[in-house]
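The chain is numbered in sequence order, starting from 1. Worth knowing before you read on, the calculation uses all heavy atoms, side chains too, and leaves out hydrogens, waters and symmetry mates.
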Amino acid sequence: MSAAKSAPTVDEVFSFIVELESKHSILDWHIGDVPFYEIIRHHFVQYIFRATGSLENSKNVITKDKISLPSYLADLVLILKNSTAQGWARAFGWNRSAPKPGTGKVAVFPFYRRNTEGVDPHSIEYIRALGKRAIVFGVGEDDANRIDRIHTSELNVIFARLHGRKANRWISQNLKAEDRQLYQSFIDDIEAHFGIELAEGWRKFPVVRLRQYLAQSQGYETVFKLLNLSSVFVVSAIQQGLIGGSRRAGIPIIEIQHGAISKYHPSFNWPSNSNPTNVVDGFLGWGDGWLDGISFAKRTKPLILGALDSYEAIRNLNIDETKDQVVFVSSADITVKLFEVAKACAKANPNLRIIFKAHPREDLSAQVSELEATAGLENLEIMLKGANALEVIKASEYVVGVHSAALFEASGMNKKIAIIKISGWEIGADLVRRKSATLLNPDEAPMKLTTIAKSENPEVFYKRRTELDLSNF
């Protein structure tokens with residue numbers, strides 16, 4: 001009996017997709033004036049990583065926000081309250097120029113997840129630095145009950161109602177049979193190469209994504225003009241209609257770093273001969289190390305502003321390191337495999353205290369039940385959501401994972417870091433290259449974990465922050 005075929009690596013999947021993009025000239029593909037593949041590339045590539053098995057499927061579905069009629073009305077009131085005469089002139093085409101950088105209002109879209117205090121640490125410093133210039137939008141369930149924020153989930157529903165029919169007419173006029181054929185040949189090559197069958201939402205031409213983009217980009221254009229914005233700041237700019245709306249409004253859109261990026265990130269890595277337009281204009285990063293190997297689009301200008309204040313606060317905190325304490329930093333797409341390594345390390349090293357730290361989007365109920373039913377693993381514990389991951393890292397001697405941003409955070413604290421060679425480890429390969437982490441195969445981790453050296457170059461990924469100057473935005 002032959003052995004089961006192993007899943008391809010992240011590198012193999014991404015490399016093949018890039019090769020296929022070139023073969024089909026799909027990066028130059030426009031439907032009407034819409035660069036269609038650009039607007040689906042991020043979600044499509046992330047889906048293929050999971051469909052091929054190179055990453056595990058997330059076990060925890062993101063909760064959809066609950067929406068009510070009063071919420072819609074509150075959003076409209078906030079838009080009108082924050083609109084300006086110049087904004088109305090821009091919205092109606094009487095005045096097409098945006099405010100000069102540093103003078104207009106700035107929209108800030110926080111991350112959809114928050115810390116234990118209910119705060120998004122990635123955007124809060126920008127909101128404070130912008131002061132009265134900031135108009136903060138509501139994103140995710142943590143903002144659902146905030147009456148002082150315009151909610152994106154509700155806006156998207158409003159946009160669908162206002163512009164959905166117009167989008168449908170546009171699609172009927174511009175989407176041609178050859179567009180569907182091009183997409184289908186692209187999908188057929190992927191399915192044949194990896195021996196998989198894609199889900200219906202991707203196997204057939206994803207008209208719904210085109211419709212959403214058209215409605216949202218037109219809606220955000222109007223809102224941004226009414227608010228008379230000079231810039232848009234976004235944590236995790238994966239909503240393509242948001243980028244399209246800023247482009248239509250003639251307003252630069254800037255992404256704030258919120259996690260690990262690598263040469264496999266589909267939003268930040270484009271072939272040198274391509275010129276994507278529906279991408280962010282700037283990327284505000286934590287350290288120069290993140291930029292190595294990244295092939296940003298020509299219009300995306302990276303700017304390093306340094307580590308977050310919340311990170312520096314923990315880095316500078318006087319917390320004693322607990323000898324022989326190991327923290328495994330998990331993620332929703334490597335749970336099962338990494339937990340097996342954690343168990344093996346606990347069995348082989350009873351002197352170590354091993355903590356398996358859950359990712360905020362991770363469901364570890366199966367692992368909790370398994371641990372409760374397994375004898376002889378008293379030195380292994382599961383830490384669920386709630387604990388401050390940075391404080392746990394600061395207090396630990398060893399940090400172990402696959403591709404979590406927490407591994408990079410640990411490098412800034414001179415920890416002993418092990419990257420387990422599970423598919424997806426390539427995202428953290430730069431840590432290994434810089435001697436900031438040691439690469440271990442899953443079967444050798446139990447014996448070699450305690451032999452790894454401390455991380456070097458603590459500031460390459462988390463530069464010391466100086467004063468945050470946003471006068472150019």
Could you pull out the closest heavy-atom pair between [X] and [Y], with the gap in Å?
| X | Y | answer |
| --- | --- | --- |
| Leu27 | Glu38 | O-OE2, 4.4 Å |
| Ile251 | Phe224 | CD1-CB, 3.6 Å |
| Arg180 | Phe205 | NH1-CB, 3.9 Å |
| Val34 | Leu210 | CG1-CD1, 4.1 Å |
| Asp120 | Val235 | OD2-CG2, 3.9 Å |
| Ile393 | Glu409 | CD1-OE1, 4.3 Å |

When you check the gap from the basic side-chain N to the acidic O, do [X] and [Y] get nearer than 4.0 Å?
| X | Y | value |
| --- | --- | --- |
| Asp281 | Arg247 | yes |
| Glu221 | Lys225 | yes |
| Asp142 | Arg113 | no |
| Lys263 | Glu426 | no |
| Arg114 | Asp143 | yes |

Using the ring of each side chain (for Trp, its six-membered ring), is [X] parallel, tilted or perpendicular to [Y], with breaks at 30° and 60°?
| X | Y | answer |
| --- | --- | --- |
| Trp286 | Tyr462 | parallel |
| Phe44 | Phe186 | tilted |
| Phe111 | His258 | tilted |

Are the side chain of [X] and the backbone N or O of [Y] linked by a donor-acceptor pair below 3.5 Å?
| X | Y | result |
| --- | --- | --- |
| Asp75 | His151 | yes |
| Asn457 | Val460 | no |
| Lys415 | Lys394 | yes |
| Arg90 | Leu226 | no |
| Lys176 | Gln173 | yes |
| His42 | Ile40 | no |
| Glu12 | Thr9 | yes |

Close side-chain approach of [X] to [Y], heavy-atom, < 4.5 Å:
| X | Y | result |
| --- | --- | --- |
| Leu229 | Val106 | no |
| Pro206 | Phe36 | yes |
| Phe328 | Val399 | no |
| Leu284 | Glu255 | no |

Separation of [Y] [atom2] from [X] [atom1] (nearest 0.5 Å):
| X | Y | atom1 | atom2 | value |
| --- | --- | --- | --- | --- |
| Ser217 | His163 | OG | NE2 | 8.5 Å |
| Asp469 | Leu305 | CG | CG | 9.0 Å |
| Asn278 | Ser246 | CG | OG | 7.5 Å |
| Leu431 | Ser262 | CG | OG | 11.0 Å |
| Asp189 | Gln184 | CG | CD | 10.5 Å |
| Ile417 | Ser411 | CD1 | OG | 5.0 Å |

Less than 6.0 angstrom from the centroid, inside 45 degrees of the normal: does Arg434 satisfy that with respect to the ring of Phe461?
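Yes, Arg434 and Phe461 form such a contact.
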Do other residues, nucleotides or ligands put more than 12 heavy atoms under 6.0 Å from the [atom1] atom of [X]?
| X | atom1 | value |
| --- | --- | --- |
| Leu76 | CG | yes |
| Trp88 | CH2 | no |
| Asn145 | CG | no |
| Lys204 | NZ | no |

Are Phe283 and Phe296 an aromatic pair, judged by ring center distance below 6.0 Å?
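Here the rings of Phe283 and Phe296 have centres that are less than 6.0 Å from each other.
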Please test Asn156 against Gln239 for side-chain hydrogen bond (donor to acceptor under 3.5 Å, both in side chains), starting from the C-alpha separation and ending with a verdict.
CA-CA 10 Å; Asn156 291 338; Gln239 186 179 334; 3.1 Å; yes
May I ask you to check whether [X] and [Y] show a side-chain donor-acceptor distance below 3.5 Å?
| X | Y | answer |
| --- | --- | --- |
| Tyr264 | Asp11 | yes |
| Asn275 | Trp270 | no |
| Glu21 | Tyr37 | yes |
| Gln46 | Arg50 | yes |

Hey, which of Arg464, Arg465, Arg315 is the one that makes salt bridge (Lys or Arg N to Asp or Glu O under 4.0 Å) with Glu459?
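Output: one option passes, namely Arg464.
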ring-ring contact (aromatic ring centres under 6.0 Å, His included) with Phe233: which of Phe109, Phe137, Phe473?
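Among Phe109, Phe137, Phe473, the one meeting ring-ring contact (aromatic ring centres under 6.0 Å, His included) with Phe233 is Phe473.
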After noting the C-alpha distance and the side-chain angles of Val392 and Val329, does the key distance pass the side chain to side chain contact (heavy atoms under 4.5 Å, CB included) rule?
CA-CA 10 Å; Val392 177; Val329 286; over 6 Å; no
From CA spacing to verdict: side chain to side chain contact (heavy atoms under 4.5 Å, CB included), Ser330, Phe339
CA-CA 8 Å; Ser330 190; Phe339 190 68; over 6 Å; no
Show your reasoning for whether side chain to side chain contact (heavy atoms under 4.5 Å, CB included) applies to Leu198 and Ile48.
CA-CA 8 Å; Leu198 305 190; Ile48 298 299; 3.7 Å; yes
Between Trp290 and Gln257, does the side chain to side chain contact (heavy atoms under 4.5 Å, CB included) criterion hold? Intermediate values first, please.
CA-CA 10 Å; Trp290 296 106; Gln257 185 172 1; 3.3 Å; yes
